[in-house]
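Notes for the one structure printed next.
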Amino acid sequence: MSARSAQNAQRHQPPRAGFSLIELCVVLGVAGVLLALAAPDLGALVRNQQLKSASGDLFAALGMARSQALARGEVVKLLPRDAAGADWRRGWRVFIDRDGDGQPGPGDSVLAEHGPLPAGLAIAFAFTSAAPPYYIAYNGAGRSCSDSNSAAARYGTLSLFHGSAIRRIKINMLGRARICDPARDASCDGAQVPP
């Protein structure tokens, strides 16, 4: 094929399909407006998913503490990771407290740890003993107990907040836990949303 016939072939090709710059700008503008309208709903969706995830993780840690206490026949504790034992937002630990000092030490076995929670999440602790350190302990029978007396029942509610959304984990005196949403369950009472 000669150079001249190649040039003629290129001239007679049909135009290629595509978008002009103006069409692309219009589509991007419409997409931007729709995204701006949907952004507040996306933020609420993310916060709701973070709340569900955190409450599910804490609920799973409670289940693990209870099952390990039953399996090992020892007191297993779940408590916040901060030094004062009061701030659940910093995460939590599940451990066997063999020396009874309320903190993981050399003779204790740490079974699980959870890292810090996302910014904006808050947790309120309302148990039969409301003074820090905040902990949940299970005895060898799988019952929620006091760290000073494994036969004394210790029960209450952990309330998780993210904006106006709430999830609660209620632990009864037998040590059984359940997650509830006060927006859907009238018996899901607990602490109010912090200011």
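Throughout, residue positions are numbered sequentially from 1 according to the sequence presented.
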Are [X] and [Y] joined in one hydrophobic group, where the rule is that I, L, V, M, F, W and Y side chains link up if heavy atoms are under 4.5 Å apart?
| X | Y | answer |
| --- | --- | --- |
| V75 | L70 | no |
| L62 | V94 | yes |
| L51 | I123 | yes |
| W88 | I166 | no |
| Y138 | I169 | yes |

Please answer whether the main-chain N or O of [Y] pairs with a side-chain N or O of [X] as donor and acceptor at a distance below 3.5 Å.
| X | Y | result |
| --- | --- | --- |
| D82 | D87 | yes |
| T157 | S159 | no |
| R90 | R81 | no |
| K77 | P104 | no |

For R72, the salt bridge (charged side-chain N to carboxylate O under 4.0 Å, His left out) test, sequence neighbours excluded, returns none
R167: what forms a salt bridge (charged side-chain N to carboxylate O under 4.0 Å, His left out) with it, not counting sequence neighbours?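 Residues passing salt bridge (charged side-chain N to carboxylate O under 4.0 Å, His left out) with R167: D181.
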Any salt bridge between R178 and D185, counting N to O under 4.0 Å?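 D185 and R178: salt-bridged.
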To the closest 0.5 Å, what do you measure between CD1 (I171) and CZ (F127)? 3.5 Å
Distance from L78 atom CG to F95 atom CZ, nearest 0.5 Å?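 Rounded to the nearest 0.5 Å, the CG-CZ separation comes to 9.0 Å.
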Listed pairs under 3.5 Å, donor-acceptor, residues 109-118 side chains, sequence neighbours left out:
{"from": "S109", "atom 1": "OG", "to": "R98", "atom 2": "NH1", "distance (Å)": "2.8"}
{"from": "E113", "atom 1": "OE1", "to": "R93", "atom 2": "NE", "distance (Å)": "3.4"}
{"from": "H114", "atom 1": "NE2", "to": "D57", "atom 2": "OD2", "distance (Å)": "2.9"}

For the residue pair S144 and R154, confirm or rule out a side-chain donor-acceptor distance under 3.5 Å.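 Short answer, no.
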Please evaluate residues R176 and R66 with respect to the criterion side-chain contact (heavy atoms from CB on, under 4.5 Å), reporting the C-alpha separation (whole Å), side-chain torsions for both, the decisive distance (0.1 Å), and the verdict. CA-CA 9 Å; R176 292 187 184 130; R66 187 171 190 227; 3.7 Å; yes
Where is the tightest heavy-atom contact between S150 and C145, given as atom of each residue plus distance?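 Looking at all heavy atoms of both residues, the shortest contact is O-CB, 3.3 Å.
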For the student: nearest non-hydrogen atoms of L121 and A54, plus distance: CD1-CB, 3.8 Å
Listed once per pair and sorted, the salt bridge (Lys or Arg N to Asp or Glu O under 4.0 Å) pairs that draw on residues 17-31, sequence neighbours left out: none
Output all residues satisfying ring-ring contact (aromatic ring centres under 6.0 Å, His included) with Y134, sequence neighbours left out; order by chain, then residue number.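 Result, ring-ring contact (aromatic ring centres under 6.0 Å, His included) vs Y134: F125.
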Other residues, nucleotides, ligands: >12 heavy atoms within 6.0 Å of I22 CD1: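 Counting other residues, nucleotides and ligands, CD1 of I22 stays at 12 neighbours or fewer.
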Is any side-chain heavy atom of [X] closer than 4.5 Å to a side-chain heavy atom of [Y]?
| X | Y | answer |
| --- | --- | --- |
| V76 | I96 | yes |
| F161 | R168 | yes |
| I179 | L58 | no |

Would you mind listing the cluster partners of M173? Hydrophobic ones only (ILVMFWY), side-chain contacts under 4.5 Å, chaining allowed.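 Members other than M173 - counting any ILVMFWY side chain reachable under 4.5 Å - are Y155.
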Given D99 and D97, is the side-chain contact (heavy atoms from CB on, under 4.5 Å) satisfied, shown in steps? CA-CA 6 Å; D99 56 11; D97 191 15; 2.8 Å; yes
